[in-house]
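Have a look at the structure below before the remarks.
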Amino acid sequence: GVGLAVGVAVEVLVLGASRAILARVPPMRLYVFAIAVAVPRWLLLATLTDPRLIVAQQALHGITFGAFWVAGVQVVARRSPPEVAHSGQALFGAAVGGVGALLGMAGGSFVVAHQTTDWLFWWGALVAALALAAALRASARLVRG
């Protein structure tokens, strides 16, 4: 519970500082950063056993999720035609909080039912690494075109 509270507190701070962050960091770079930091975060969750270190690393959740959300909304808003920018942002929210959450829960339930809980975090690291590769590719395309 303390770990979750730390993660949420940092997330709120990141979301609250979003204007200042976006003034310094372009949204797509922030998006890639958030996903890149998620890879070691998942690896730490898979390997840490000291409760104090687990609580401390939960601050990374606040950074990664907060930055991912702030950047994702901005990337979608900027890439969407003006007349549908709000719809694009709503679809982003639905993808993350709806379909993404559903698939994550189903996949996580399957992993936990067939493996130990630490495997859930190993799989999280793999998915984050694949997401990082996709984000880097998308970022390169945005720079070129």
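We use all heavy atoms of the structure for the numbers below, so side chains are in, but hydrogens, waters and symmetry mates are not.
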Point to revise | Approximate separation, where rounding is to 0.5 Å, of Leu45 CG and Leu53 CG | key: 11.5 Å

Practice item. Keeping to residues at least two apart or across chains, list the ring-ring contact (aromatic ring centres under 6.0 Å, His included) pairs with something in residues 3-32. Key: Tyr31-Phe68

Revision key, fill the gap. Taking every heavy atom of Gly108 against every heavy atom of Leu120, the minimum-distance pair comes out as CA-CD1, 3.4 Å

Practice item. Could you please spell out the steps behind the side chain to side chain contact (heavy atoms under 4.5 Å, CB included) verdict for Val70 and Ile21? Key: CA-CA 9 Å; Val70 166; Ile21 293 168; 5.7 Å; no

Check your understanding: Where does the angle between the aromatic ring planes of Phe110 and His114 fall among parallel (under 30°), tilted (30 to 60°) and perpendicular (over 60°)?
Key -> tilted

Practice item. Could you tell me the separation between the CG atom of Asp50 and the CD atom of Gln57, rounded to the nearest 0.5 Å? Key: 11.5 Å

Check your understanding: Quick check: does any side chain N or O of Ser109 sit under 3.5 Å from a backbone N or O of Met105, one acting as donor and the other as acceptor?
Key -> yes

Point to revise | Closest non-hydrogen atom pair between Val39 and Ala125, with its separation | key: O-CB, 4.1 Å

Practice item. Taking all non-hydrogen atoms of both residues into account, name the closest pair between His61 and Arg41 and its distance. Key: N-CD, 3.3 Å

Point to revise | Hphob cluster co-occupancy, Ile63 + Leu13, side-chain heavy atoms under 4.5 angstrom | key: no

**Study point:** pair Leu4-Gln58: side-chain heavy atoms closer than 4.5 Å
**Key:** yes

Check your understanding: Looking only at heavy atoms, which two atoms of Ala34 and Ala67 are closest? And how far apart?
Key -> CB-CB, 3.8 Å

Check your understanding: Would you say Val96 and Leu15 are hydrophobically clustered, going by side-chain heavy atoms of ILVMFWY under 4.5 Å?
Key -> yes

Study note, to complete from the structure: For Gln89 and Ala77, the nearest pair of non-hydrogen atoms, with its separation, is NE2-CB, 3.2 Å

Review point. Do Val99 and Trp69 share a hydrophobic cluster (ILVMFWY, side-chain heavy atoms under 4.5 Å, transitive)?
Key: no

Exercise for review: Answer yes or no: are there more than 12 heavy-atom neighbours, outside Phe92 itself, under 6.0 Å from its atom CZ?
Suggested key: yes

Review point. Would Val112 and Leu126 show up in the same hydrophobic cluster when neighbours are defined by side-chain heavy atoms closer than 4.5 Å?
Key: yes

Point to revise | Under the side-chain hydrogen bond (donor to acceptor under 3.5 Å, both in side chains) test, residues paired with Thr116 that sit two or more places apart | key: Asp118

Exercise for review: Give the minimum heavy-atom separation between Gln74 and Leu22, together with the two atoms involved.
Suggested key: CG-CD1, 3.4 Å

**Study point:** Evaluation steps, side chain to side chain contact (heavy atoms under 4.5 Å, CB included), between Trp42 and Val127
**Key:** CA-CA 10 Å; Trp42 286 111; Val127 170; over 6 Å; no

Check your understanding: Under a 4.5 Å side-chain heavy-atom rule over Ile, Leu, Val, Met, Phe, Trp and Tyr, are Phe65 and Leu44 clustered together?
Key -> yes

